[in-house]
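Have a look at the structure below before the remarks.
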Amino acid sequence: MHSKSVPIRTRFAPSPTGFLHIGGARTALFCQLAARATGGEFVLRIEDTDRERSTQASVQAILDGMAWLGLDYDEGPYYQSERRERYQEAVGRLLEAGLAYRCYCSRERLEGLREAAMAAGEKPRYDGYCRDRSDRPEGIEPVIRFRNPLSGSVAFEDRVRGRIEVENAELDDLVIVRADGTPTYNFAVVVDDIDMRINLVIRGDDHINNTPRQINIYRALGAEPPEFAHVPMILGDDGQRLSKRHGAVGVMAWRELGYLPDAMINYLARLGWSYGDQEVFSRQELIDLFRIEDVNRKASRFDTEKLKWLNQHYLREGDRDQALAELLWHMEQAGFNPASGPEPSRLLGVQAERFDTLTELVEQSRSFYQDFDDFEPGAAKKHLRPVAAAALTGLAERLAEVDEWEPDALQRAIQETADALGIGFGKIGMPLRVALTGHGQSPAINQTLWLVGRERSLARIEHALDWIAARTAAGA
RNA sequence: GGCGCCAUCGUAUAAUGGUGAAUACAGUGGGUUUUCGCCCCACAAAUCCGGGUUCAAUUCCUGGUGGCGUCACCA
């Protein structure tokens, strides 16, 4: 157990321009774990200052994704769009103190500047044209820029990267308020994190380069910067940045693919973070063992194979209620009526070890809930042959007498039938399997019988016998 | 291009200034089995390259290479 004296307050601050991304989910998880480990709080804040791109649907998608994963927060969600006065107040202070200034440069001029710099092989940056300007041109809505220090450097101790230092000369005067009066990201985060008393900022390492300028803004605002921890990115299995091209990048897409929230959380936690060689962690263990400084510095690849393995583990040994709830959801998606077949918990008990995902499990359980019309050709040809007719007939008679339709009794019935006929278990098992499910793969045959149920089993055996008879008659 | 970050089996992670460099997933080969699967056993697989410090470097330093990130009135 790692105890930290100061409770940590973290925040997850997604911008609502899409669904909850896998990388974002992991960042949120790390934030939650870091906070909970110290008895601190995990805050959710929606960064919707860009009104052009933010949508309510995205906000909902992010909330849904977090809810599904069980990433509950202690405060929020706060919306930046509802905090305009706070930003205005802060800008006012900066303006008054001469730490920010209005810039009337046209986009054209800035564009020209950028091109010229690029052409000269230099870093494109604002040249400070309006930095010391005192007049106020009419008819132009100015943006407000932060007056970044010209000399010296900014350094900070990143909790996962170690010391990072950048020269102020590398930083230019960034825009903190747009012409329309809305704050830009780098300004809004700082104001928010100060107001929300965030003392550990955990975010993707694509923000490392923003940190020095944000620290300058903290100081300009007279606030002590928080601690920072930049976690590495999650790449696709090809080592490239995750994008739609990689298929499922949204968390909820993985639900549809049949994965469990706990498996996803475990996988994500273990991607970039480790505790010795341990692979499986309960939520509580995660909270107890997680330390942000144990997070790796290297970008990692998303490995579906390992997720599958964990998913099966949780399907079999994880939280029963969660697995059942997801199973029901998938059955509904697949159009099954749970009442028309075995109890879902029985299904799960028998099928969990046979599949990695719930989608496969459900798809392969169809015959327990719905009747089928045709046998899978290959399986029928191979196993529903005339020689199987005697076995099936004998079995039907024996099964009709079974008092309790449960695995052990069914197993005995099959064994006795095989013994009576003097044939091996295999000779009777496969024809029965095909008769019951229409194809050649299913749980252990007594379990299959159990799941299909008495009525259906007997009817299907009859049906198979008819099929064999027809085949024989056709001279096959 | 400037700046910044990163570098151990295919993947994710361990470990250590001295080891046979470990574990898991995936892979391969067997075994068990009434199908698939589960399970069991075994095998294969890595310290990016160069220089330095050192008795000893995968580990510390430095150069290179490669990868990634970032250079907006996006976040």
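All values reported here derive from a predicted model rather than from experimental measurement. Within every chain, numbering begins at 1; the chains are lettered A, B, ... in the order of the sequence lines, protein sequences first and strands thereafter.
Phosphate proximity of B:rA14 to A:N296: present, with a side-chain N or O under 4.0 Å from OP1 or OP2. Residue A:R270 places no side-chain N or O under 4.0 Å from the OP1 or OP2 atom of B:rU13.
Cation-pi geometry between A:R145 and A:Y126 is met: under 6.0 angstrom from the ring centre, within 45 degrees of the axis. In this structure, A:R109 is positioned above the aromatic face of A:Y129, its NZ or CZ under 6.0 Å from the six-membered ring centre and within 45° of the axis.
When atom types are taken as modelled, the side chain of A:N266 and the backbone of A:F281 share a donor-acceptor pair closer than 3.5 angstrom. Between the side chain of A:Y104 and the main chain of A:E138, no donor-acceptor pair closer than 3.5 Å is present.
Nucleic acid contact class of A:G272 (heavy atoms, under 4.0 Å, all strands): sugar-phosphate only. When heavy atoms are screened at a 4.0 angstrom cut-off, A:Q240 is found touching the sugar-phosphate backbone but no base atom. Within the nucleic acid shown, A:S300 comes within 4.0 Å of sugar-phosphate atoms alone, with no base atom in reach, counting heavy atoms only. Among the heavy atoms of the strands lying under 4.0 Å from A:T49 are primed sugar atoms or P, OP1, OP2 only; no base atom is included. Contact annotation for A:H439: no contact, since no heavy-atom pair falls under 4.0 Å across all strands. As judged by a 4.0 angstrom heavy-atom cut-off over every strand, A:V175 is placed among residues touching the sugar-phosphate backbone only. Here A:G440 lies in heavy-atom contact (under 4.0 Å) with a base.
Taking every side-chain heavy atom of A:R161 into account, B:rC6 is the closest of B:rC6, B:rA26, B:rC73. Checked against B:rU11, B:rG2, B:rA26, the side chain of A:E170 finds its nearest nucleotide in B:rG2. In this structure, of B:rA12, B:rA22, B:rC73, it is B:rA22 that holds the atom nearest to the side chain of A:D277. Closest to the side chain of A:Q312, out of B:rC38, B:rA12, B:rC73, is B:rC38. Of the candidates B:rA12, B:rC73, B:rC38, the closest approach to any side-chain atom of A:K298 belongs to B:rA12. For A:Q441, the listed nucleotide lying nearest its side chain is B:rU35; candidates were B:rU35, B:rA12, B:rA75. Set against B:rA22, B:rC6, B:rC3, the side chain of A:N209 has B:rC3 as its closest nucleotide. In the set B:rA75, B:rA12, B:rA14, B:rA14 carries the atom at the smallest distance from any side-chain atom of A:S274. Side-chain proximity of A:M233 to the nucleotides B:rA75, B:rG69, B:rA12 is greatest for B:rG69.
Residue-to-nucleotide proximity on RNA chain B shows that, of A:R163 and A:R316, the 5′-proximal contact is made by A:R163. Summary of the strand contacts: A:R354 and A:V160 both lie near RNA chain B, and taking for each the nucleotide with the nearest heavy atom, the more 5' one is attributed to A:V160.
Only the P atoms considered, B:rA72 is 47 Å distant from B:rG18, to the nearest whole Å. Annotation: B:rU59 and B:rA7 have their P atoms spaced 12 Å apart (nearest Å). When the P atom is compared between B:rA24 and B:rC39, the two are found 13 Å apart, to the nearest whole Å. On the C1' atoms, B:rU62 is 22 Å away from B:rG2, given to the nearest whole Å. Only the C1' atoms considered, B:rG50 is 28 Å distant from B:rU13, to the nearest whole Å. Rounded to the nearest Å, the gap between the C1' atom of B:rC9 and that of B:rA14 is 13 Å. On the P atoms, B:rG27 is 30 Å away from B:rG69, given to the nearest whole Å. B:rU28 and B:rA44 have their C1' atoms separated by 7 Å, with the value rounded to a whole Å.
The CZ-P distance, from A:R203 to B:rG69, rounds to 17 Å in whole Å. Rounded to whole Å, atom P of B:rA12 lies 12 Å from atom CG of A:D238. Here the P atom of nucleotide B:rU8 and the CZ atom of A:R297 are 11 Å apart, to the nearest Å. For A:R213 and B:rC73, the CZ to P distance is 10 Å, given to the nearest whole Å. Atom CZ in A:R125 sits about 13 Å away from atom P in B:rC3, given to the nearest Å. Computed from coordinates, the A:L268 CG to B:rA12 P distance equals 14 Å when rounded to whole Å. Remark: P of B:rC73 and CZ of A:R114 are 6 Å apart, rounded to the nearest angstrom. B:rC6 atom P lies 7 Å from atom CD1 of A:I164, rounded to whole Å.
When A:I164, A:D158, A:L200 are each tested for a side-chain contact (heavy atoms from CB on, under 4.5 Å) with A:F228, only one passes: A:D158. For the ring pair (Phe, Tyr, Trp, His ring centres under 6.0 Å) with A:F30, the qualifying choice from A:F42, A:F290, A:F12, A:W273 is A:F290, the only one to do so. Only one option out of A:H463, A:H383, A:H439 pairs with A:F375 in a ring pair (Phe, Tyr, Trp, His ring centres under 6.0 Å); it is A:H463.
Nucleotide B:rA15 has no partner under the Watson-Crick or G-U criteria, as no pair reaches both atom distances under 3.5 Å. Pairing of B:rU53, defined by two Watson-Crick or G-U wobble distances under 3.5 Å, is not identified with any nucleotide. Across all strands shown, B:rU33 remains unpaired; no Watson-Crick or G-U wobble contact has both distances below 3.5 Å. In a base pair of the Watson-Crick type (N1 to N3 plus N6-O4 or O6-N4) or a G-U wobble (N1-O2 and O6-N3), with each distance short of 3.5 Å, B:rU70 is matched with B:rG2. As the counterpart of B:rA42, B:rU28 is assigned, both hydrogen-bonding distances of the Watson-Crick or G-U wobble pattern falling under 3.5 Å. With a cut-off of 3.5 Å on both Watson-Crick or G-U wobble distances, the partner of B:rU58 is given as none. Base pairing of B:rA21: no nucleotide in any strand meets the Watson-Crick or G-U wobble criterion (both distances under 3.5 Å). Across all strands shown, B:rU8 forms no Watson-Crick or G-U wobble pair with both distances under 3.5 Å.
Every residue two or more places apart in sequence or in another chain that forms a ring pair (Phe, Tyr, Trp, His ring centres under 6.0 Å) with A:Y267 is listed here: A:F302. The side chain to side chain contact (heavy atoms under 4.5 Å, CB included) test applied to A:Y185 returns A:E47, A:V189, A:R203, A:H207, A:N210, A:Q214, not counting sequence neighbours.
Residue-to-nucleotide contacts include a donor-acceptor pair under 3.5 Å from the side chain of A:N210 to the base of B:rA75.
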Can you pull every protein N or O that's under 3.5 Å from an N or O on nucleotides 31-34 of chain B?
unit_1 : atom_1 : unit_2 : atom_2 : d
B:rU34 : O4     : A:Q411 : NE2    : 3.4

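Of the N and O atoms on the side chains of A:S442 and A:R433, at least one donor lies less than 3.5 Å from an acceptor on the other residue.
For the pair A:D173 and A:F146, the minimum side-chain heavy-atom distance is 4.5 Å or more.
In the displayed structure, A:K306 atom NZ is contacted under 6.0 Å by more than 12 heavy atoms of other residues, nucleotides or ligands.
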